[in-house]
Amino acid sequence: MVTENAVTVSGTLHHSHAGASAGKPMKKYVPFSVRQETPGLDGSVRKDFLLARIYDPEIQESLKSLQEGAIVRVHGDVRSSLGSGEMYINVRALEALA
């Protein structure tokens, strides 16, 4: 069986915890969300918050340079957390967009 698990999303940086571990032991990952606003057929706007985790220390450092609300593109794969089953994007690359 051949499977593919790749995702690319863009939106605004939301609830980044990149600087939250200052003075505390480093966690395995830094969590954040990508906020997307999608217009509905009825004119309403749906707000989605896509959960993401960064395990790579280099990408964690690049996240620290971004501010809340920055427009970003995230490349990675979708994972499910053991125990809770919560879905998240395992970030492989992060880029700031203009």
Side-chain angles (χ1 to χ4, degrees):
M1 177 203 273
V2 177
T3 62
E4 183 177 355
N5 181 2
V7 63
T8 300
V9 299
S10 60
T12 57
L13 183 62
H14 183 72
H15 283 257
S16 167
H17 298 281
S21 62
K24 297 178 185 175
M26 195 66 168
K27 288 185 176 181
K28 284 185 175 182
Y29 64 87
V30 174
F32 69 98
S33 297
V34 176
R35 178 181 172 171
Q36 293 183 326
E37 294 186 7
T38 307
L41 296 175
D42 63 355
S44 65
V45 176
R46 177 185 170 96
K47 295 176 184 167
D48 292 308
F49 299 88
L50 307 174
L51 303 177
R53 294 180 180 177
I54 301 174
Y55 288 88
D56 184 313
E58 284 184 32
I59 302 173
Q60 289 176 2
E61 283 299 316
S62 68
L63 179 66
K64 289 180 184 179
S65 68
L66 301 174
Q67 294 188 9
E68 181 84 5
I71 300 172
V72 295
R73 180 178 293 133
V74 175
H75 304 279
D77 51 83
V78 177
R79 298 279 176 97
S80 176
S81 179
L82 289 175
S84 72
E86 181 176 76
M87 302 292 287
Y88 65 92
I89 299 168
N90 178 38
V91 179
R92 302 285 187 189
L94 173 69
E95 62 181 298
L97 303 176

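These numbers were taken from a predicted model, which means no experiment stands behind them.
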Using the test side chain to side chain donor-acceptor pair (under 3.5 Å), find all partners of Gln36 that sit at least two apart in sequence or belong to another chain. none
Sequence neighbours excluded - ring-ring contact (aromatic ring centres under 6.0 Å, His included) pairs with any residue from residues 34-59: His14-Phe49, Tyr29-Tyr55
If the condition is side chain to side chain donor-acceptor pair (under 3.5 Å), which residues does Asp42 pass it with, not counting sequence neighbours? Ser44
If you take all heavy atoms of Gly85 and Ser80, which pair is closest and at what distance? O-OG, 3.2 Å
Looking at every non-hydrogen atom in both residues, tell me the closest pair between Val78 and Asn5 and how far apart they are. O-ND2, 2.7 Å
What salt bridge (Lys or Arg N to Asp or Glu O under 4.0 Å) pairs are there with at least one residue in residues 29-40, not counting sequence neighbours? Arg35-Glu37
Compare every heavy atom of Lys28 with every heavy atom of Gln60, then report the nearest pair and how far apart it is. NE2-O, 3.7 Å
Transitively linked via ILVMFWY side-chain contacts under 4.5 Å: Leu51 with Val34? no
Identify, with sequence neighbours excluded, every residue that meets side-chain contact (heavy atoms from CB on, under 4.5 Å) alongside Ser65. none
Could I get the full list of side-chain contact (heavy atoms from CB on, under 4.5 Å) partners for Leu97, not counting sequence neighbours? Ser10, Ile71, Arg73, Glu95
side-chain contact (heavy atoms from CB on, under 4.5 Å) evaluation trace for Glu61 with Glu58: CA-CA 5 Å; Glu61 283 299 316; Glu58 284 184 32; 5.8 Å; no
As a quick check of understanding, evaluate side-chain contact (heavy atoms from CB on, under 4.5 Å) for Val74 and Phe32, giving each step before the final call. CA-CA 11 Å; Val74 175; Phe32 69 98; 4.2 Å; yes
Hits for side chain to side chain donor-acceptor pair (under 3.5 Å) against Thr8, two or more places apart or cross-chain, chain-then-number order -> His75
Measuring only between side-chain heavy atoms, which start at C-beta, is Leu63 closer than 4.5 Å to Leu13? yes
Please identify each residue that fulfils side chain to side chain donor-acceptor pair (under 3.5 Å) with Asp48, with sequence neighbours left out. Arg46
Checking one residue: Val2. Which other hydrophobic residues are in its cluster under the side-chain 4.5 Å linking rule? none
N/O donor to acceptor pairs below 3.5 angstrom from side-chain atoms of residues 87-94, sequence neighbours left out:
{"unit_1": "Arg92", "atom_1": "NE", "unit_2": "Asp77", "atom_2": "OD2", "d": "2.9"}
{"unit_1": "Arg92", "atom_1": "NH2", "unit_2": "Asp77", "atom_2": "OD2", "d": "3.2"}

